[in-house]
Amino acid sequence: MVRVRFAPSPTGHLHIGGARTALFNYLFARHNNGKFILRIEDTDRTRSTEEYIEAIIEGMKWLKLEWDEGPLRQTDRFDVYRNYVNKLISEGKAYYCYCTPEELEQRRKDALAQGKPQKYDGRCRNKERVQEVEGSGVQAAVRFKMPQEGQVVVDDLIRGKVVFENNQLDDLIIMRSDGTPTYNFTVVVDDVDMDITHVIRGDDHLNNTPKQIHIYKALGHEIPLFAHLPMILGSDKTRLSKRHGATSVMAYKEMGYLPDALINYLVRLGWSYGDQEVFTREELIKYFSFENVGKSSAIFNPEKLLWLNSQYIIKSNPEELAQMVLPFLENAGIIHKGQKIDRQWLSRAIKTLQERAKTLLELANSLRYYIAEDVQYDEKAKAKFLNEKSRGLLIELKDALNALSDFSIYELEKLFKSIVEKHVIKLGNLAQPVRVAITGGTESPGIFEVLEIVGKEKTIKRLEKAIKAIESEN
RNA sequence: GGUCCCAUCGUCUAGCCCGGUCUAGGACGUGGCCCUCUCAAGGCUAAAACACGGGUUCGAAUCCCGUUGGGACCGCCA
């Protein structure tokens, strides 16, 4: 049984990199009919907050990365870690270290200045736990006794076998002098207790892995398989950060991205399946494999994400989009909270806009001229199309429209064509002024669709307003 | 500085393991054309890459070595 976990530390929102790690864990679990566990690594009590735990959960839910167990919290398990630490000490596999953080800091600086490796010198390794120190109120940290000879091999599903020399490995601290456990220890203990079979995480942990393998061995536990995912970088090839734009997953929700589009974008960062670009969730689960995960880091490219989002909007049902666009409509002040809006009509309106909007935000803004009572003219558009040249045409159209009983695309087109033929002009000569009169601008779906959705009453009202606007100019 | 990882169009990638089918394929973006009532969408098309240097071989993007470049880690952070 495959058991994997996503183990974020709640020191920030769910970000792009974390989301992809979660995604790969999720896909691997689902592909293998295994379990996906969410674990909150909150041992750093000074930086972890409840708000961030909520934020991470919110992000996971939005992306529909459903987990099977958890969220488990490490702070609930301090007793467990302490027991394991005591066990290691009694077996001689760990020892008390009386060096103070300040001393260690100083030694690190010295080592750096002299160009020496920054490694703990092991001076407390063979010290007995001395009475006077215990009595003096000095709190000791606990270090893990790392083997100093031989090699460890990390068997990685993505990178293959990576060999480390044991003498490069530090006697790392597994319990702080305040009695709280540290990361490299808690991950191993938790992964052991939770029977994790595959550790799938960011590349930045590859160097921690040999140390963790020794802890597995000390605990007498089988070593899981590892998969270290390449990093996601910003446009300047440095670690993705705020500088590169939005990094929080929920920021993309607010910008009008669809969760499935983000997922699709993220999965293709490092993973591929031939030439296919767009995948359903089912396909992703079916096709996912570490064999197709690349080794090199990838640069986050917002433009491709935008394109994918537009593809997903095109593919979506208008009814679904109607539901999703509502908050954006409210935010933009196009409708007010609680305002009733005919869903069927809204869906029809959205259908005309789907292939023109790259985000829900854009969609909402384009919906404005359908929904609003009044139109605001774009000045340039008004100057170009609402003038003496078009006045007569608009009046003629308005009168004809008034007499039209069936306000359908078919009838509207027939009517427009007859006017155009009568005056021997191009359709554009009529359509553009009408477009400005109805939408306020020069860009919109086909003019007949627009009129049909706006409806007879509003269309005529807006034509009248446009005619008046032309007349008041003179 | 030490250790480890990585290297195909601007970007994401296919190909690499199992050398010839690679004149290196697809996608985003960019340019052009078509469609067209505008804007899109769609179709067609163009420019654009095997980091460099040595080997091995009849033949190397593919195998080996080196160089260069980038990244990660080296905390009583995770």
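Model, not experiment: these values are computed from the prediction. Numbers restart at 1 for each chain; the letters A, B, ... are given by sequence-line order, proteins then strands.
- Distance noted for atom C1' between G19(B) and C58(B): 12 Å (whole Å).
- The two atoms that bring Phe385(A) and Pro433(A) nearest to each other are O-CB, 3.7 Å, heavy atoms only.
- A sub-4.0 Å separation between OP1 or OP2 of C73(B) and a side-chain N or O of Lys211(A) is absent.
- Minimum atom distance to the side chain of Arg47(A) is reached by A78(B), of the listed C28(B), A78(B), C76(B).
- Candidate nucleotides U38(B), C73(B), A78(B) were compared by shortest atom distance to the side chain of Thr442(A), and U38(B) ranks first.
- Between A60(B) and G54(B), the two P atoms lie 13 Å apart (nearest whole Å).
- For G75(B), the OP1/OP2 oxygens have a side-chain nitrogen or oxygen of Arg108(A) closer than 4.0 Å.
- Nearest-nucleotide positions on RNA chain B place Ser296(A) closer to the 5' end than the other of Trp307(A) and Ser296(A).
- With hydrogens and angles left out, the side chain of Arg356(A) and the base of C39(B) share a donor-acceptor pair within 3.5 Å.
- The side chain of Gln151(A) places no N or O atom within less than 4.0 Å of a non-bridging phosphate oxygen (OP1 or OP2) of U3(B).
- Between the P atom of A14(B) and the CG atom of Leu269(A) lies a distance of 12 Å, rounded to the nearest Å.
- Side chains of Thr186(A) and Gln74(A): a donor on one and an acceptor on the other come within 3.5 Å.
- The side-chain tip of Lys286(A) does not point at the ring of Phe279(A) from less than 6.0 angstrom away and within 45° of straight on.
- Remark: the Asp275(A) side chain and the A14(B) base include no donor-acceptor N/O pair separated by less than 3.5 Å.
- Searching all strands for a Watson-Crick or G-U wobble partner of U56(B) with both distances below 3.5 Å returns nothing.
- Pairing for G10(B) goes to C28(B), judged as Watson-Crick or G-U wobble with the two contacts each under 3.5 Å.
- Only the P atoms considered, A14(B) is 16 Å distant from U62(B), to the nearest whole Å.
- Here C16(B) sits opposite no nucleotide as a Watson-Crick or G-U wobble pair (both hydrogen-bonding atom distances under 3.5 Å).
- The separation of C17(B) from U11(B), taken at their C1' atoms, amounts to 26 Å, rounded to a whole angstrom.
- If you check U38(B), A78(B), C4(B) against the side chain of Gln432(A), the one that comes closest is U38(B).
- Each of Thr43(A) and Val293(A) was assigned the nucleotide of RNA chain B with the nearest heavy atom; the assignment lying further toward the 5' end belongs to Val293(A).
- OP1 or OP2 of A14(B) has at least one side-chain nitrogen or oxygen of Ser272(A) nearer than 4.0 Å.
- Taking the P atom of each, A46(B) and G55(B) are spaced 37 Å apart, rounded to whole Å.
- Rounded to a whole angstrom, the distance from the C1' atom of G53(B) to that of A7(B) is 15 Å.
- Inter-residue side-chain proximity for Thr182(A) and Thr43(A) is flagged as unmet; no heavy-atom pair is nearer than 4.5 Å.
- Across the C1' atoms, A41(B) and C5(B) are found 43 Å apart, a figure rounded to whole Å.
- Closest approach of Met231(A) to Asp203(A), counting heavy atoms only: CE-N, 3.6 Å.
- Across the strands present, U36(B) finds no partner; the criterion is a Watson-Crick or G-U wobble pair with both atom distances under 3.5 angstrom.
- Side-chain to base pairing of Glu277(A) with G26(B): one donor and one acceptor N or O lie within less than 3.5 Å of each other.
- Pair check for C74(B) finds G1(B); Watson-Crick or G-U wobble, both atom distances under 3.5 Å.
- At the heavy-atom level, Pro210(A) lies nowhere under 4.0 Å from the strands shown.
- Arg159(A) comes within contact range of the sugar-phosphate backbone alone, with a heavy-atom separation under 4.0 Å but no base atom that close.
- Seen from the ring of Tyr84(A), Lys87(A) does not count as a face-on cation partner, given the 6.0 Å and 45° thresholds.
- In this entry A41(B) has no Watson-Crick or G-U wobble partner, no candidate having both defining distances under 3.5 Å.
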